[in-house]
J.: 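Got a structure here, written out as structure tokens. Questions coming.
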Amino acid sequence: MMNQLTGIHHITAITSSAEKIYDFFTTVLGMRLVKKTVNQDDIQTYHLFFADDRGTAGTDITFFDFPGIQKGRHGTNEIFRSGLRVPNDRALAYWLKRFDHYGVTHTDIQEQFGRKVINFQDFDEQLYQLVSDENDQGVATGTPWQNGPVPTEFGITGLGPVHVRIADFTFYKQMLEMVLGFRESASEGNVHLFETGAGGNGGSMIVDHNTVLPPAVQGYGTVHHMAFRVGPCRKELDEWIEHMNHFNLPTSGYVDRFYFESLYARIANGILFEFATDEPGFIDDEEPYEILGEKLALPPRFRDHREEIEKLVRHFDTVRSTKHFEKEYFGFDQ
């Protein structure tokens, strides 16, 4: 087997409102907007990247706001819940207070595969899970947004397990293990835990074998695709392209996204996977660390068309470097 996938790279979902998802992720979840750009395949659509303090690979969840798209429907054969990591069990207790303060629909603290979790959703009924890193020994996580409203000791640090519902579990398991190199490490009834790389919260996929629900319908409030980390750069990506070709899988071939390099493939039941490099990242020639996400950033091949693109996507203010956010404790012991 070639080099393993080293973890989850990013998750891309669909929102009904770029402005509302910006407010939810920065104000409520305290994640940093590290890039405000456009969907490179549909330039009238925003593509927003929320991540840790520096936009580290494995920490970002991104959103499209396709104009006029219908509301999605959750079901089987979909990536249905996105995991987000917090430092420990105590942080989850803080998040119960924070969610109550902001009126976020959520569960109590639960346990899944030995990890403490809270399930919650946003205004589009997009589904998420906070997962505690208490005793986690797997894929390293990132650093919370230092200047955001969430106390850094409780802040979201990166992506946790991605949750998938699938009807044909036998085929999906074969693809995960034989093609992608995942290993099944635990199961709870019809729910199975698969891991890659160093495993742990940043290298896990939770698969729910579900033949009862109807097939999901993609739209706002659902996940568009998820991406795996192949390694630092083009060399590792080329190895994965060759690997996919060996299995005669239909793929996109090499795609340059400027902030990372990619390959896309539908592995099973129409679920779209991306395979992406860690480099170059979001700190680039347009935006230094201090002002990440504050302007409409464009990869070089789009920059000659900036005026046209700015007319297609409505402007909204994402400047934060000139503002001060008080850390919000809500009476929780510091």
Side-chain angles (χ1 to χ4, degrees), residues 1-13 49-52 55-62 77-85 129 131 136 138-142 158-166 171-185 192-207 223-247 249-257 259-282:
M1 179 67 186
M2 55 183 293
N3 288 336
Q4 279 194 313
L5 299 169
T6 60
I8 307 302
H9 188 282
H10 68 266
I11 300 166
T12 295
F49 291 75
F50 302 95
D52 77 340
T56 310
T59 71
D60 55 308
I61 181 167
T62 87
N77 299 337
E78 73 159 332
I79 303 161
F80 75 95
R81 190 182 299 279
S82 303
L84 299 168
R85 299 168 71 174
Q129 182 180 85
V131 57
D136 188 86
V139 175
T141 192
L159 296 180
V162 179
H163 298 243
V164 175
R165 284 197 193 102
I166 204 78
F171 179 71
Y172 190 75
K173 173 182 168 70
Q174 289 176 340
M175 296 299 286
L176 287 182
E177 294 178 337
M178 296 174 61
V179 179
L180 302 188
F182 275 77
R183 56 195 181 273
E184 185 173 359
S185 56
H192 305 260
L193 175 65
F194 291 85
E195 297 182 86
T196 187
N201 288 333
S204 293
M205 185 188 300
I206 294 174
V207 181
V223 170
H224 186 272
H225 68 272
M226 64 174 292
F228 302 106
R229 298 169 66 184
V230 299
C233 56
R234 176 73 182 270
K235 174 181 177 293
E236 291 84 2
L237 181 62
D238 284 343
E239 291 174 356
W240 273 94
I241 292 173
E242 183 178 345
H243 179 71
M244 293 294 187
N245 290 339
H246 173 76
F247 284 93
L249 291 170
T251 74
S252 65
Y254 171 79
V255 179
D256 183 1
R257 293 303 191 196
Y259 308 113
F260 42 84
E261 298 169 287
S262 294
L263 166 75
Y264 296 83
R266 294 189 187 275
I267 299 296
N269 297 89
I271 293 175
L272 181 60
F273 288 159
E274 182 179 359
F275 304 83
T277 62
D278 289 356
E279 299 172 356
F282 297 108

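Just so it is clear, the model here is predicted, and its values are computed rather than measured. Position 1 is the first residue of the sequence, and the numbers go up from there.
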J.: Does Tyr264 have any side-chain hydrogen bond (donor to acceptor under 3.5 Å, both in side chains) partners at least two apart in sequence or in another chain, and if so, which?
T.: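 So Tyr264 forms a side-chain hydrogen bond (donor to acceptor under 3.5 Å, both in side chains) with Arg257, Glu274.
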J.: Can you name the residues that form a salt bridge (Lys or Arg N to Asp or Glu O under 4.0 Å) with Asp256, not counting sequence neighbours?
T.: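 Expected list: none.
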J.: Kindly write out the residues that satisfy side-chain contact (heavy atoms from CB on, under 4.5 Å) with Pro232, not counting sequence neighbours, or none if the list is empty.
T.: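 If we apply the side-chain contact (heavy atoms from CB on, under 4.5 Å) test to Pro232, skipping adjacent residues, the hits are Glu236, Glu279.
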J.: List for me each residue that meets side-chain contact (heavy atoms from CB on, under 4.5 Å) alongside Phe171, sequence neighbours excluded, and say none if there are none.
T.: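 Once residues adjacent in sequence are excluded, the partners of Phe171 under the side-chain contact (heavy atoms from CB on, under 4.5 Å) criterion are Asp168, Gln174, Met175, Ala268.
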J.: List in chain and number order the residues that pass side-chain hydrogen bond (donor to acceptor under 3.5 Å, both in side chains) with Thr56, two or more places apart in sequence or in another chain; answer none if no residue qualifies.
T.: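 Expected list: Asp52.
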J.: In chain order, what residues pass the salt bridge (Lys or Arg N to Asp or Glu O under 4.0 Å) check against Arg229, with sequence neighbours excluded?
T.: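 So Arg229 forms a salt bridge (Lys or Arg N to Asp or Glu O under 4.0 Å) with Asp278.
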J.: Could you list the residues that satisfy side-chain hydrogen bond (donor to acceptor under 3.5 Å, both in side chains) with Thr277, not counting sequence neighbours?
T.: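 Not a single residue meets the side-chain hydrogen bond (donor to acceptor under 3.5 Å, both in side chains) criterion with Thr277.
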J.: Taking only residues two or more places apart in sequence or in another chain, which ones pass ring pair (Phe, Tyr, Trp, His ring centres under 6.0 Å) with Tyr172?
T.: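 Counting only residues at least two positions away or on another chain, Tyr172 forms no ring pair (Phe, Tyr, Trp, His ring centres under 6.0 Å).
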J.: Work out which heavy atom in Ile271 is nearest to a heavy atom in Val164; give both atom names and the distance.
T.: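 Minimum heavy-atom contact is CD1-CG1, 3.7 Å.
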J.: Decide, yes or no, whether a salt bridge links Arg165 with Glu78 under the criterion of side-chain N to carboxylate O below 4.0 Å.
T.: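 So Arg165 pairs with Glu78 through a salt bridge.
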J.: Could you list the residues that satisfy side-chain hydrogen bond (donor to acceptor under 3.5 Å, both in side chains) with His192, not counting sequence neighbours?
T.: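 Only Glu184 meet the side-chain hydrogen bond (donor to acceptor under 3.5 Å, both in side chains) criterion with His192.
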J.: Could you tell me which residues satisfy ring pair (Phe, Tyr, Trp, His ring centres under 6.0 Å) with Phe228, sequence neighbours excluded, listed by chain and number?
T.: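 Partners of Phe228 by the ring pair (Phe, Tyr, Trp, His ring centres under 6.0 Å) criterion, ordered by chain and then number, come out as Phe182, Phe273, Phe275.
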J.: Tell me every residue that passes ring pair (Phe, Tyr, Trp, His ring centres under 6.0 Å) with Phe194, counting only those two or more places apart in sequence or in another chain.
T.: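 Ring pair (Phe, Tyr, Trp, His ring centres under 6.0 Å) list for Phe194, sorted by chain: empty.
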J.: Go through the structure and list residues passing ring pair (Phe, Tyr, Trp, His ring centres under 6.0 Å) with His10, not counting sequence neighbours.
T.: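 His225, Phe260.
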